[in-house]
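The next block holds one structure in the form of structure tokens; read it before the comments.
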Amino acid sequence: MVHNKFLFFSLCFFTVLFSYAQRDSVVVLDEVVLTDAKLSQFSVGNKKQVLKDSVLSKSQSFTDLLRYNSTIYFKENGYGMVSSPSFRGTNAQQTAVIWNGININSQLNGQTDFNTVVTSNYNNVTIKSGGGSVQYGSGAIGGSIHLNSTFNFKEHLDNEVRIGYGSFNTQSTNYKLSLGSKKFSLDLGVNYNSSNNDYKYLGTDQKNENGAYENGNVDLSLGYLISDNNILKLYHNTYLGSRDFSGTLLVKSNENYKNTNVRTMLEWSNFNDKKISRLKLAHLYERYRYYANKDRPEYAFGYANSYLFNYDYKYTFSNVILNGIVDHNYTDVIGRNIEESNRNITSLSILMQHKLSSKFKYTFNVRKDYTEDFSSPFLFVFNGDYSFSNIYNITLSASKNYRIPTFNDMYWVGAGNKDLVPETSKQVEIGNYFKFKNIQFNVLGYYTKLSEMIQWRPISGEGWIPVNVKDVTQYGAEAEVAVTKQIGKSKLVWLTNYAYTKSIDDSNNKQLMYVPLHKVTSNLAFSYKKVEAYMQLLRNGLVYTTTDSSRELPGYTVANLGMNYEVVKTSKNTTSLGLRINNLFNKEYQNTAFRPMPNRNLMVQLTTKF
């Protein structure tokens, strides 16, 4: 282990010297300032949806943001509890969350709990559909969600305070600071959220008695232009959360779960008009404590530390962009129910974009991982984009992706299976995109074949054990319509998404659990002078809750209504008052069996910018 760490830091040192030695002419900083330029440059054939600040501010949580603005299905163990996505029929471990260009899925269980991420401090959230394992590593099979911070190198000082209070004693306080100069950029976000979360279970005489939560969050992005050819960037995020885990309609709970996530990344870029070299050093820390009885001191726990080294070199010549990437990740874990273990993963990637003409460009990317635990497959992706005219273009994507077994899968005491092999998938996607003056429309189809799916299965008399058991066929269609219309001083924006998803277990020809055949989201916003009104509509089709499709949760339709009014608007200050009504029609519904979601509830919010 000592030898590996010495090699790791020696490689970092000499790479820094190599990067610093190259000083060339100045280029426009747009690409260098971007958090993840690879997302746009080397994924031209994948569907990407960008949610900007105006959309982020209308949601109370990361889960709500994606639930009402994307085709991803979410199941929660009660509102605000553990939240797991199903992206194009995959499971939670097959959706990657990317923080400023690096994968932050848990090293312990392989997934991100979407109720432990605060999105209000990011400049945008991008949803990339389809496989992305070449660029973003393990888990990016169904798709990836990107949390992006950017930098503003100009003289400015902006503050924003947002305070909210709502039903169930729900409280939120958010502060954002942005300041900068021609050489310096700083963004700081601080958040606090809490709720008794004791909503009624509609149709019963029960309520959510053990659902309280509380969390604090800090985000920092710092950029400094060292010279005309060098930029230094620092990213940091700390999240502290405590949740009383909700019970079900059948069983009450007295559980509590505390978790801490700390992420820090330093990035140095050296650039000129032909090349960009980037060095990233990152540390990711995660910890949880689980109390089966919150009134007693005993708890289960787990820790994971990850150290990341990433170096990429991009060179542009003629109409071709080449990007070589070396990535090394060292992780060690320890826990009450997991063996003390560590893992070294080194990966080599080559990305290429070729603009063959003004109408056609394509990318071809390859990746190979090396680790002692298992043999990883050779990965590739081909993307193409052809513009027939100013209003219509067609895209194609074909890829091979994978997910490695997690530490829990391999090293859980008494159950871990060290003979597991990575899940692999092969995918193809074809998209059609139309763009008119006020209307954008796209429709696409995809097909995925997933092999060696890892599942925890009961072993007679021996509990549960993870095994490679399942092949899955996934296919579907997605459509999106966006309408923007300016009428005098009024503006109308309407966005609707539809997804048809088949995710079939090849062993019994049944739809996988918690994958709806149909999902529709529709968002309508209307603004006039100082007033904005918006409505969110969600329609989820039925989902099966057993592997043999013998039990199901019925489909449901939920609507939210909101309004914002600018109380003060001057050159130096804007203050607005907002009201949001969630579950407008007081609909009784569940997205996880026996775990009802909240009844109609209100949230009032005051926002001031100065």
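By convention here, the first residue in the shown sequence is residue 1. Computed over heavy atoms, backbone and side chain alike; hydrogens, waters and symmetry mates excluded. Because the structure is a prediction, the values reported are computed rather than measured.
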Neighbour count above 12 (heavy atom, 6.0 Å) for Tyr285 OH:
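More than 12 heavy atoms, drawn from other residues, nucleotides or ligands, come within 6.0 Å of this atom.
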
Salt bridge (charged side-chain N to carboxylate O under 4.0 Å, His left out) between Arg243 and Asp113, worked out
CA-CA 13 Å; Arg243 289 175 287 181; Asp113 180 348; 2.8 Å; yes

Side-chain heavy-atom pair [X], [Y] within 4.5 angstrom cut-off:
X	Y	answer
Val55	Asn69	yes
Val326	Leu348	yes
Ser129	Lys48	no
Ser86	Tyr514	no
Phe374	Arg343	yes
Ile72	Ile145	yes
Ile465	Trp412	no
Glu478	Arg88	yes

Parallel under 30°, tilted from 30 to 60°, perpendicular over 60°: which one fits the rings of [X] and [Y]?
X	Y	value
Tyr500	His518	tilted
Tyr475	Tyr447	parallel
Tyr299	Phe301	perpendicular

Taking atom CD1 of Ile430 and atom OG of Ser397, what is their separation to the nearest 0.5 Å?
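Going from the CD1 atom of Ile430 to the OG atom of Ser397 covers 10.5 Å.
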
Side chains of [X] and [Y] only: does a donor on one sit below 3.5 Å from an acceptor on the other?
X	Y	value
Thr363	Gln353	no
Asp332	Tyr307	no
Tyr136	Asn103	no
Tyr201	Asn208	yes
Asn115	Thr63	yes
Asp369	Thr371	no

Let's go through Tyr79 and Tyr199 carefully: what are the C-alpha distance in whole Å and the side-chain angles of both, what is the deciding distance for ring pair (Phe, Tyr, Trp, His ring centres under 6.0 Å) to 0.1 Å, and is it a yes or a no?
CA-CA 9 Å; Tyr79 187 78; Tyr199 55 87; 7.1 Å; no

For Asn344 and Tyr330, run side chain to side chain donor-acceptor pair (under 3.5 Å): C-alpha distance rounded to whole Å, both residues' side-chain angles, the deciding distance at 0.1 Å, then the answer.
CA-CA 5 Å; Asn344 281 284; Tyr330 170 80; 6.0 Å; no

Does Arg296 count as lying over the ring of Tyr291, i.e. NZ or CZ under 6.0 Å from the six-ring centre, within 45 degrees of the axis?
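No, Arg296 and Tyr291 do not form such a contact.
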
The test is salt bridge (charged side-chain N to carboxylate O under 4.0 Å, His left out); show your working for Glu76 and Arg595 and say whether it passes.
CA-CA 8 Å; Glu76 290 181 279; Arg595 297 183 182 271; over 6 Å; no

Assess the residue pair Phe309 and His328 against the criterion (ring pair (Phe, Tyr, Trp, His ring centres under 6.0 Å)); give the C-alpha distance rounded to whole Å, side-chain angles, the decisive distance to 0.1 Å, and a yes or no.
CA-CA 5 Å; Phe309 164 84; His328 181 80; 7.8 Å; no

Within the side chain of Tyr288, is there an N or O that forms a donor-acceptor pair under 3.5 Å with the backbone of Ala300?
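Flag not set: sc Tyr288 to bb Ala300 has no pair under 3.5 Å.
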
